Amino acid sequence: QVQLVESGGGLVQAGGSLRLSCAASGTIYGLYSMGWYRQAPGKQRELVATFTVVGSINYADSVKGRFTISRDNVRNTVFLQMDSLKPEDTAVYYCNLQRRTSPVRDYWGQGTQVTVSS
């Protein structure tokens with residue numbers, strides 16, 4: 001099993017910054033990806049930024065140039081630096097780890113609220 005713990009959410013004014021952290025623990029081995037998703041009220045969960053299993057990075061178009069994902073492989077930790085925040089970034093942000101087992105397994109953190117005031 002994998003446990004994911006997020007931190008760093010909060011309330012910030014538009015144009016401000018937040019840095020989210022996600023620490024993974026438990027049984028982690030083999031190929032896996034880690035990244036961030038978000039879900040705003042009334043909307044589906046969407047990808048924000050993620051590392052693929054080969055180390056490339058995918059960003060949602062809406063956050064390109066503003067958000068930066070990084071990681072500490074030794075500590076199985078992923079970060080999301082969010083700059084130039086906009087009210088539309090308001091959502092619950094979830095850390096995700098996808099293990100390339102058979103079948104593929106997804107693990108999710110509890111979520112951390114990010115609220116951006118206009």
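Since the structure is predicted, the reported quantities are computational estimates derived from the model, not experimental observations.
- Looking at heavy atoms from C-beta onward, M34 lies in side-chain contact with C22 at the 4.5 angstrom threshold.
- Under 4.0 Å is where a charged nitrogen must lie from a carboxylate oxygen, and between D61 and K64 at least one such pair does.
- Cluster annotation: V12 and F67 are assigned to the same hydrophobic cluster (Ile/Leu/Val/Met/Phe/Trp/Tyr, side-chain heavy-atom contacts under 4.5 Å, transitive).
- Counting heavy atoms from C-beta on, the side chains of E6 and L20 never come closer than 4.5 Å.
- Summarising the local packing, CZ of R19 is surrounded by more than 12 heavy atoms from other residues, nucleotides or ligands at distances under 6.0 Å.
- There is no path of hydrophobic side-chain contacts, each under 4.5 Å, that joins W108 to Y32.
- The SG atom of C95 sits 10.5 Å away from the CZ atom of F79 when rounded to the nearest 0.5 Å.
- At least one side-chain heavy atom of R66 sits less than 4.5 Å from a side-chain heavy atom of D89.
- Note on Y37: it does not cluster hydrophobically with V63, by side-chain heavy-atom contacts below 4.5 Å among ILVMFWY residues.
- Atom CZ of R105 and atom CD of Q98 lie 11.0 Å apart (nearest 0.5 Å).
- For the atom pair CD (Q1) and OG (S25), the distance works out to 10.5 Å, reported to the nearest 0.5 Å.
- In this model, a donor atom of one side chain and an acceptor atom of the other lie less than 3.5 Å apart for Q81 and D83.
- The two atoms that bring T90 and V116 nearest to each other are OG1-N, 2.9 Å, heavy atoms only.
- Residues Y107 and L80 fall within the same hydrophobic cluster, defined by Ile, Leu, Val, Met, Phe, Trp and Tyr side chains chained together at heavy-atom separations under 4.5 Å.
- One distance of note links CD of Q44 with CD of Q39; it measures 8.0 Å at 0.5 Å rounding.
- A continuous path of Ile, Leu, Val, Met, Phe, Trp and Tyr side chains, each step under 4.5 Å between heavy atoms, connects I69 with V114, placing both in one hydrophobic cluster.
- The OG1 atom of T112 sits 10.0 Å away from the OH atom of Y94 when rounded to the nearest 0.5 Å.
- Within the 3.5 Å criterion, the main-chain N or O of G8 finds no donor-acceptor partner in the side chain of Y93.
- The shortest heavy-atom contact between A91 and A40 is CB-N, 3.8 Å.
- Here the CD atom belonging to Q13 is positioned 9.5 Å from the OG atom belonging to S118, to the nearest 0.5 angstrom.
- Screening N76, V78, N96, L97 for a side chain to side chain contact (heavy atoms under 4.5 Å, CB included) involving L4 leaves a single residue, L97.
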